[in-house]
Amino acid sequence: TTKPLSDLTIAQQAKTLPIKDIAAKIGLHEDDLDLYGKYKAKLSYDVLERVKTKEDGKLVLVTAINPTPAGEGKSTVTVGLGQALNQLDKQAIVCLREPSLGPTMGLKGGAAGGGFSQVLPMEDINLHFTGDMHAITSAHNTISAMIDNHLHQGNDLGIDVRHIVWKRVLDLNDRALRHVTVGLGGPAHGVPREDGFDITVASEIMAILCLADSLEDLEERIKRIVVAYDHQKEPITAEQIGAAGAATLLLKEAFKPNLVQTLEQTPALVHGGPFANIAHGCNSLIATKTALKLGEYVVTEAGFGADLGAEKFCHIKSRVGDLNPDAVVLVATVRALKMHGGVSKDQLHIENVGAVGEGLKLLAKHIDTMKKLGLPTVVALNRFNSDTEEELATVLDWCAAHGIRASLSEVWANGGLGGRQLAEAVIDAVESNESKLTPLYELTDSIEQKIKTIAREVYGATDVVFTAKAQKQMKDVQANGWSDLPICMAKTPFSLSDDPSKFGYQQGFTITVRELKPSVGAGFLVALTGNVLTMPGLPKHPAALNMGIDESGKAIGLF
Ligand code: ADP
């Protein structure tokens, strides 16, 4: 057997159309675009305004079972399904998150799909793209600089320097920056204090950019960001620091969705990319809403598995944006099912039909959760070369026996052609009009109640334990009047429980909430169940080791 082509080789051999031709497919003119070279463009504010009165297309949300660390192929299936829908003459638009340089240089590889289902130009998208990450970094750090300047100039607001919650950000995995001391060097160099860096995609500014529905809303949300507390423990906001206007100004281009194309010239909006743990993990609301106006079908994804990404899509993004997914695609792989069926990581390549069958309990749990949320589900079984016919049949037969729409997805190997059956199943689900998003909790429920509902209904936990610290923070949140915000759970993606080593369907477990952090600007309360690293580190052999350029200036080693 020949070795499959790398994602980079496939992308470099692809035929790309000028972006204005892609725009024309969805009724846009060159004047509607702010061009970033020939193959990338931002949609102008005129377009965003003009399309508002148009009817919405259909929304398809792609999620997955709890993933293995390698990812189960959500982005790949999202892109492939968009291509397949187009082959079936449905004008589809793909909406994806923007990759961050942290994972790109680190472990995971690109986030632009894979195989014959990728967005292009993949090199640009994975590297600096249209500069959104830079803009978000600058906007965030402007607020930081103004906080430290405020301290230096006399601290009129009485900020408690030990209680500044706004760190600095950088779009890289760099563990050495997690804890730093700033302001050293004497009176001319600022006020010494402990600080730290998060990765840019963990910035609240990123979450805000992805939830704001207009520039005005963006500014209002930035104003509400809590950056510190004073000695009376009263919150100090970005507005009080006077940084909201400048931060919004720095984001005025970044807020416009980026238009690119897939390997089969399907239009794609790649915009925004918040963390899926301390934030909600979906591409920007403005991209999704605009795509709904421009296409018949919009295929979008939410980070991690259905217990995190899809739950947050339903309770956070859909609430803010008044969205209702018409269907959910639940990506599963034989290797992940085997892992959840008890097989260890180094044995996943060996056929094990029994373990696949055991892993189906987890698939069933997620399908059931989507049902509770009122959403019809189509299982997409993302085929890998190592899967055997019997393993694949075990999943598809089980779905058929339980009346669940399911299809093999071969979009990685064959592009849109490999996703036609899946697309047909999705169209069937959408056209059945079964979908009616039913949130599992009300915003007016108590914080405790909201978290318990998610833990019980979505994870299958019996109860939730709040540490003393979390209880204290819950009281503070109530006192500050932030109780009615939705919950953003920060939990391991690898398990239904909060223990990353517990694979498969779990029962009889409790979830421990260790901390509760308000993201008042983004508009949610983050409930932390484990240690979440908001500044990841590089692995022993980072992907960056393989990267470089060849003699013609082309990228090498970018997966
Ligand atoms: P996710 O969005 O779930 O994190 P991705 O779509 O980014 O996952 O895929 C993760 C990696 O797995 C990518 O490098 C992609 O090329 C690869 N991949 C996805 N599907 C397949 C498949 N069917 N066969 C082989 N590799 C795949």
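Remember, it's 1-based here, ligands and their atoms both numbered in the order they're listed.
Between D213 and K289 no salt bridge is recorded (no basic side-chain N to carboxylate O distance below 4.0 Å). The pair R383-E389 meets the salt-bridge criterion, with a side-chain N (NZ, NE, NH1 or NH2) lying under 4.0 Å from an Asp/Glu carboxylate O.
Here R383 has backbone heavy atoms under 4.0 Å from ligand 1, and that is the only part of it that gets that close. Of the heavy atoms in V77, none comes closer than 4.0 Å to ligand 1.
Using a 4.0 Å cut-off to heavy atoms of D7, the atoms of ligand 1 that qualify are 14 (O), 16 (O). Applying the 4.0 Å criterion to heavy atoms of T76 picks out, from ligand 1, the atoms 5 (P), 6 (O), 9 (O), 15 (C), 19 (C). Residue N382 has at least one heavy-atom neighbour below 4.0 Å for each of these atoms of ligand 1: 19 (C), 20 (N), 21 (C), 22 (C), 23 (N). Listed by atom number, the atoms of ligand 1 under 4.0 Å from G114 heavy atoms are 16 (O).
Atom CE of M339 is separated from atom CZ of R335 by 9.0 Å, given to the nearest 0.5 angstrom. If you take CZ on F384 and OG1 on T333, they are separated by 6.0 Å, rounding to the nearest 0.5 Å.
Between K74 and ligand 1, at least one pair of N/O atoms sits closer than 3.5 Å.
Counting only non-hydrogen atoms, the option in G418, G73, S6 that gets closest to atom 5 (P) of ligand 1 is G73.
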Distance-only criterion, 3.5 Å: show the donor-acceptor pairs between side-chain atoms of residues 314-328 and protein atoms not counting sequence neighbours.
unit_1	atom_1	unit_2	atom_2	d
H315	ND1	E311	O	3.4
H315	ND1	E311	OE2	2.7
H315	NE2	L440	N	2.9
K317	NZ	N283	O	2.9
K317	NZ	T288	OG1	2.7
S318	OG	F313	O	2.8
R319	NH1	H315	O	3.1
R319	NH2	Y441	O	2.4
N324	OD1	S435	OG	3.0
N324	OD1	L437	N	3.3
D326	OD2	L59	N	2.8

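Looking at E301, its side chain never comes within 3.5 Å of a backbone N or O of G309 through a donor-acceptor pair.
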